[in-house]
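Some notes on the structure that comes next.
Every chain is numbered from 1 and lettered A, B, ... according to where its sequence line falls, protein lines coming before strand lines.
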Amino acid sequence: MSERQSNDQARASLMPNAEQRARLRKVRRFKDGLSRYGVGTAGLMVVASLALIFLYLFSEVAPLLRGSSIEVTADYPFGLSESDDRSRHLVLERYEKMGATFNDSGEIQFFNVDSGQVLASFEAPGSDRLVVSAVGHSVPSDRLVAYGFANGQASVVRENYELSYPNDQRLVTPDLEYPLGEEPVVLDENGQAITDLSVQNTDMGVVLAGVAKDGRLVMGRFRMSQSLFGGSGSVSATRFSLPPLPGGAEVQDLLVDDSGRFLIVADDKAQLHFYDVEVPSNAHLLETVPTERGQVTAMEFLVGTLSVIVGTETGSVSQWYLIRDDSNRFHLTPVRDFESLSGPVTAIAPEYTRKGFAAGDARGQVGLFYGTSSDTLIIKSIADRAIEQLALSPINGRMLALDDQQRLYIADVWNKHPEVSFSSMWQKVWYEGRQQPEYVWQASGSSDSFEPKMSLVPLSIGTLKAAFFAMLFAIPLGVMGAVYTAYFMTPKLRGVVKPTIEIMEALPTVILGFLAGLWLAPFLENHLPAVFSILIMLPVTMLVVGLLWSRLPSSIRNSVSEGWEAAILVIPLIMIGWGCVALSPYIEIWFFDGSMRQWLTNHNIDYDQRNALVVGLAMGFAVIPTIFSIAEDAVFNVPRHLTQGSLALGATRWQTVMGVVLPTASPGIFSAVMMGFGRAVGETMIVLMATGNSPVLNFNIFEGMRTLSANIAVELPETAIDSTHFRVLFLAALVLLSLTFLVNTLAEVIRQRLRKRYSNL
Amino acid sequence: MKAWFKSGAPWVWLNGGAVALCMIMVVGLLGLIAVRGFGHFWPADILKTTVVNESGGSEAVLGELVRKEVISAEVARTNGYAVNGDVKLVTRYLIKEGNRDLGADFSWYLDVGMGEWSYPENAMMIERREWGNFYGFPVALNEQGEQVTRVGKAGFWEELHQRVERSVELHHRINHMEEVEIGGVNHELERLRLDERRLELEGVSGQELAEAQARIAEKREMLNAQYVEIKQERDALYRQLERDSLDVVTVDGVERTIGMDNIVRVTRPNQLGLLGKFGHYLERFWEFLTDEPREANTEGGIFPAIFGTVTMVLVMSIMVTPLGVLAAIYLREYAHQGTFLKLIRISVYNLAGVPSIVYGVFGLGFFVYFLGGNIDELFFPASLPAPTFGTPGLFWASLTLALLTLPVVIVSTEEGLARIPSTIRQGSLALGATKSETLWKVVVPLATPGMMTGLILAIARAAGEVAPLMLVGVVKLAPSLPVDGNYPYLHLDQKIMHLGFHIYDVGFQSPNVEAARPLVYATALTLVMLIIVLNLAAIKIRNSLREKYRSASD
């Protein structure tokens, strides 16, 4: 009895009662909801993270597109510069909190930019007893300022900032250095007043170039020899002078370059005079060039002193290069004009490390310009009066401007990526030191004054070149192979061929690249004629074998059913291929004087060992499986009743292929080719390893190239984060992404349409 | 013949030829890698011959024949060889002479003026830890500078092999000591330093700080003592290792003494039989798979690269599987099937075709610099400014590859889900199961073949991918493995080595390409085999699982 009772109980407990069922339902509903929303969230997040790739790349590229800006944040009357003791040179320190003004009186004052308060004050050597008659400065990065005195002497100072971190706070202590000692040096031996002055730090020491009162150009090279015992050393000097400007012109401004070889003088007759002063005894005028833009009112070197920015009374701002012609003579040539300012250009401030500059005019306008990109970044009116002095900070984040009423304007500058513009990336650019505009990719150099050359043209052309040769090789083989495999081949053989070729798609491209670079490239170099003989011989072999086969007695022919042609061809093809390779040295002897490479060179065809031919073969090999497998699917899925109908009407197999199969499957084959192209464009390792990676610009099959993708792989690990170069590489990645994405999407859409069409047929 | 042309048969033959060519290339490529890769380990005979040198004199050459080729005499002349005018073709031989310390290594020699080839019995090859192989003849064996035995005496070779074995064993022990024991102590010391810095950053002061510092100091004292002890032990081993040396002579009679500590193996291939060679072959093959690289990766093994690849792929799989499967289920089962979804689906599919380098760029910018930089600031402020996760490493490499292979997994899983007949779903729903029950208990199990296939294809793709890894965490020589006995055992922030990158680096960045070449082939062979096996496995699993569930899905 008790046993039965417990049985009943057990049975009862197996069936859930209403309450339990309700709870169970609740749990199940909860689980259902959990699954729905959990999976939904996860799925959406995955999709979103994939979309993030686009967004992130774009966000990295976006600053390149942002325009520059100048925002005046404050202005106040500048107490340190007065109408009788004007500031002649203004600088802004690296941390943008401290400025310095070099005045007419020879007084040098460091001041807090935001408050105008004096922090330190110095005097130029000699200015306590001599009258300052001229002030000149070097390129900003050398920080030299020279004072010329009324007695023909001159002295040079360099501002200097000591960094220290007491209490973890940055402290900048300004100081002055005296590269030529604390005594003025004699510049004009005749003792006449120096009316204009320029200074530059060169390999030959500090070079000073000035104008004496009688119009002579006086120059001197000074070198300080450190004395062993710590006292101030002695200064050795080489002085020489040049006759006054021809035609009675008067000097407006003069500049000496940082090699100490060239002197450029602007006169009051709208001319520029270009002197060679390398050898003091043979210093002479090279040429006199009319500016054709009016009289020069301001003139400065850009960093590296290979180009001069010339501002004129008409407001024109132009860049001039020192260009070497074919006979090794230098010329001063106008290269590009920027947008004009509205009034005469009064001040030019070059950047410290880049090829950019700021210019101000007599109507209070200030502009930012960039040389390489020929870009006028922004022109903005910041004052009502003429700008007398301009100073940019070394990191280009802030600008000081002083107007002729001695009012100081402080402006925030955003100018991070001026090197890049549409024209600098996609059009020919005339780079410093080059003879003509060119497409060049050379993003980093050894020296600070290197001009980055970021033209995407060589890389894009390289990408297309690699893809073109790869497709040239892959399309015939892939498509023809696909047609044969899908339509003619016996199913037995197809069961082997298709998976084999498809497994090749998974083969790492690094292996193809390494074989191409280490095996194929030297092999081709040594057997160059074989490439061409194989190209001709293999199709011939196929036809000959086919013809012979058709001539065989039918007993033999019928023993092998149709669809085995490919297998029959394998042995003859291998033999002929081997034969071509073995004959290659003889062909070289017979036709190419023993060495085809040499023969090519003699015919002015450059030959690199790792060239487009190698890349074409290797990358073609990587692309064949992609094309093959998609095209094969398309052909294979052509509805049978179509082909059977064609055959029944008496068409041959080939006629059926041409008349029915290919027209039907052509969208599929097209999409296969597109997919293959997409893959070839983005492939990195093969091009990285099988080309010389030199960004040349041609379609020569025997020369290498550099592609966008390989360029990213080579350069991205070595660039500074958020630099222009870094962002341009991101741009290259974005271009690759968008391009392949578009191509693939197009191919996919075509394929889906085709599928629909098949199902309707 | 005209009829034959008209029938279109030539075109069929041409198309057939294209397939034949594709197959020849595929098989030829695999064959090339296999032959070169496997051939690397075969102990080649050491040949001795004489050649005419530039000054016209005769010069003895001893080494292994690497390869030969026929070139036209013109090419030889432009390369600076003196070849008579009437000769049209010459054969040249690349001979590996080793003896890098004596300035030899690889040289090409023309057959013009080359003497008879002989294979001297006593010619030996010494694999060294430095300077690559040595080819020459033995003279005598020394212990502490005293001669023990010399060549020609009975038992010389036995004695030599015995002593080589001993020194290799000692070397192994020292290595273990340096890497595991000293490495462990250093790891602990570094953690102490970080602890100290953390205290500083957290602004702990007073009593607490003093206590903590005392604790740290005590521990550091202990570790330093331990370090000194291990170091003494190791130095003792070093002294033992330096005991023996071998006097050798090169083929031109230059005498040398090679310390036993520098010797990995001594072989006399000319005297070995086929079986003996095979033994050596296996030994070298094993060493290749399990040893660390030597001599700027041009000698030794590739174990760290294999290990790095496997670890990275495993970490990647852990991340990609759930994400890919969930995304696929969402797209197939939950999302509203409309035009928008169609667009999303095409986009996701197309991401599989996006160049891998783009993922690398994204990984470097977003994961490494952005995420990594922030993680460092939040969780590892103590080790700043040295970055922990703000620099390329294992985790970022895996994550980047996970993103890269996500479309592969999604596509496969979706295919698997799509293949399940709607009748099964409807049956389950009709029995009262909720949607999630139907999904997780009926549909997903049936779709596992698709998921497995996706995962394996993802692994195969990840194992072969190199371009993005160059940016996000793979290096040519990682100081240690990403998994070891030090807390936290799996070092996700560490840089790793990778088979594919190893091929690129050794083949193209190596200073001695000729020496590295066989190794690259062998590495490539390893990678190809790994990937083919993975792909075949994917196909196999897909087929067998499909078979298994066939009854259920029909």
Side-chain angles (χ1 to χ4, degrees), chain A residues 28 31-32 35-36 39-40 42-43 46-47 50 53 56 60 477 480-481 483-485 488 500-501 503-504 506 508 510-511 514 518 542-543 546 550 565-566 569-570 573-574 585 588-589 594-595 598 624 652 654 678 682 684-685 689 709 712-713 716-717 721 733 736-737 740-741 744-745 748, chain B residues 4 7-24 26 70 72 74-75 78 88-89 323 326-327 329-331 334 344 346 348 350-351 353-355 357-358 361-362 365-366 369 434-436 460 464 466-467 470-471 500 503-504 507-508 517 520 524 527-528 531 535:
Chain A
R28 286 176 66 199
K31 277 188 181 165
D32 196 35
S35 159
R36 171 183 303 271
V39 170
V46 168
V47 173
L50 292 173
I53 298 178
Y56 176 74
E60 282 291 328
L477 283 182
M480 288 167 81
V483 169
Y484 183 85
T485 312
F488 296 109
T500 314
I501 293 185
I503 240 179
M504 289 314 291
V510 68
I511 286 176
F514 127 74
L518 285 190
M542 293 170 199
L543 294 180
S550 72
E565 288 94 344
L569 279 170
V570 167
L573 285 182
I574 291 178
E588 285 197 298
I589 290 171
S595 163
Q598 192 60 41
I624 284 175
T652 62
W654 181 248
T684 312
M685 290 320 287
M689 297 163 92
S709 54
I712 296 172
L716 190 57
I721 303 174
L736 273 180
L737 175 65
T740 49
F741 198 83
N744 287 352
T745 307
E748 184 66 33
Chain B
W4 184 71
S7 72
W11 291 104
V12 179
W13 281 94
L14 279 180
N15 282 350
V19 176
L21 260 184
C22 290
M23 290 301 286
I24 291 172
V26 170
V70 178
S72 72
E74 187 60 37
V75 175
T78 46
K88 290 279 186 206
L89 285 179
L323 290 178
L326 283 180
I329 292 176
Y330 169 73
L331 288 179
Y334 282 114
I344 288 188
I346 289 183
V348 170
N350 281 345
L351 282 172
V354 163
I357 187 80
V358 172
V361 171
F362 176 75
F366 187 73
Y369 292 148
T434 62
K435 181 152 187 175
S436 80
V466 179
M470 291 163 70
L471 302 178
I503 293 173
Y504 168 67
F508 289 84
R517 195 189 296 259
V520 186
L527 185 57
V528 168
I531 281 164
N535 272 287

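- Of the listed residues (B:Val26, B:Asn350, B:Val528), the greatest number of heavy-atom pairs within a distance under 4.5 Å of chain A belongs to B:Asn350.
- Here A:Ile511 is the residue among A:Thr652, A:Ile511, A:Thr684 with the most heavy-atom pairs under 4.5 Å with chain B.
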Checklist entry - Does the side chain to side chain contact (heavy atoms under 4.5 Å, CB included) test come out yes or no for A:Leu736 and B:Ile357, once each step is laid out? => result CA-CA 9 Å; A:Leu736 273 180; B:Ile357 187 80; 4.1 Å; yes

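- When heavy atoms are compared at a cutoff of 4.5 Å, A:Glu60 does not approach chain B at all.
- For B:Phe366, the ring pair (Phe, Tyr, Trp, His ring centres under 6.0 Å) partners are A:Tyr56, B:Phe362, B:Phe370, not counting sequence neighbours.
- Taking chain B as the reference chain and counting heavy-atom pairs below 4.5 Å, the highest number among A:Glu748, A:Lys31, A:Met685 is found for A:Met685.
- With chain A as partner, the option from B:Ala460, B:Gly8, B:Ala9 having the largest number of non-hydrogen pairs under 4.5 angstrom is B:Gly8.
- For B:Ile344, the part lying near chain A is the side chain, with the backbone staying farther off; criterion is any non-hydrogen pair under 4.5 Å.
- With a 4.5 Å cut-off on non-hydrogen atoms, A:Ser709 touches chain B through its backbone and its side chain both.
- Note: B:Ile346 leads B:Asn535, B:Ile346, B:Val348, B:Leu331 in heavy-atom pairs under 4.5 Å with chain A.
- In this structure, CG in A:Leu573 is found 5.5 Å from CG in B:Leu21, a value given to the nearest 0.5 Å.
- For B:Ala524, the parts sitting under 4.5 Å from any heavy atom of chain A are the backbone and the side chain alike.
- Looking only at side-chain heavy atoms (C-beta outward), B:Leu527 and A:Val510 come within less than 4.5 Å of each other.
- Of the two parts of A:Ile53, the backbone and the side chain both hold a non-hydrogen atom closer than 4.5 Å to a non-hydrogen atom of chain B.
- Proximity to chain A (any heavy atom under 4.5 Å) is restricted, for B:Leu471, to the side chain, taken from C-beta onward.
- Note: B:Gly16 leads B:Ser7, B:Gly16, B:Gly464 in heavy-atom pairs under 4.5 Å with chain A.
- Contacts of A:Met504 with chain B are made by side-chain atoms alone, with heavy-atom separations under 4.5 Å and no backbone atom involved.
- B:Leu351 contributes atom CG, which lies 5.0 Å from atom CG of A:Leu50 (distance to the nearest 0.5 angstrom).
- Of the listed residues (B:Leu323, B:Leu326, B:Val354, B:Val361), the one with the most heavy-atom contacts under 4.5 Å to chain A is B:Val361.
- Of the inter-residue distances, the one linking A:Ile501 atom CD1 with B:Met23 atom CE reads 6.0 Å to the nearest 0.5 angstrom.
- Between chain A and the options B:Val466, B:Val19, B:Ile531, the largest number of non-hydrogen pairs under 4.5 Å is found for B:Val19.
- For A:Phe488, the part sitting under 4.5 Å from any heavy atom of chain B is the side chain, from C-beta outward, and nothing else.
- Of the two parts of B:Tyr369, only the side chain, counted from C-beta on, holds a non-hydrogen atom closer than 4.5 Å to a non-hydrogen atom of chain A.
- With values rounded to the nearest 0.5 angstrom, A:Ser35 atom OG is found 8.0 Å from B:Ile329 atom CD1.
- In this structure, CH2 in B:Trp11 is found 12.0 Å from CE in A:Met542, a value given to the nearest 0.5 Å.
- Looking at A:Val39, both its backbone and its side chain come within 4.5 Å of chain B, counting heavy atoms on both sides.
- Considering all non-hydrogen atoms of both residues, B:Val70 and A:Pro585 come closest at O-CG, 4.2 Å.
- Heavy atoms closer than 4.5 Å to chain B are found in both the backbone and the side chain of A:Leu737.
- Judged by distance alone, the side chain of A:Asp32 and the main-chain N or O of B:Thr434 form no donor-acceptor pair under 3.5 Å.
- The parts of B:Leu14 that come within reach of chain A are both its backbone and its side chain, each placing non-hydrogen atoms under 4.5 angstrom from that chain.
- Interface residue A:Leu543: backbone and side-chain heavy atoms are both found under 4.5 Å from chain B.
- In this structure, the portions of A:Leu518 lying under 4.5 Å from any heavy atom of chain B include both its backbone and its side chain.
- The residue among A:Ala566, A:Gly546, A:Gly682, A:Gly481 with the most heavy atom pairs within less than 4.5 Å of chain B is A:Gly546.
- In this structure, the portions of A:Val570 lying under 4.5 Å from any heavy atom of chain B include both its backbone and its side chain.
- Side-chain contact between B:Cys22 and A:Ile624 is present, with heavy atoms from C-beta onward closer than 4.5 Å.
- Surrounding NZ of B:Lys435 are more than 12 heavy atoms belonging to other residues, nucleotides or ligands, all under 6.0 Å away.
- No donor-acceptor pair under 3.5 Å is formed between the side chain of A:Arg36 and the backbone N or O of B:Ser436.
- A 4.5 Å side-chain heavy-atom check between A:Trp654 and B:Asn15 finds at least one atom pair inside the cut-off.
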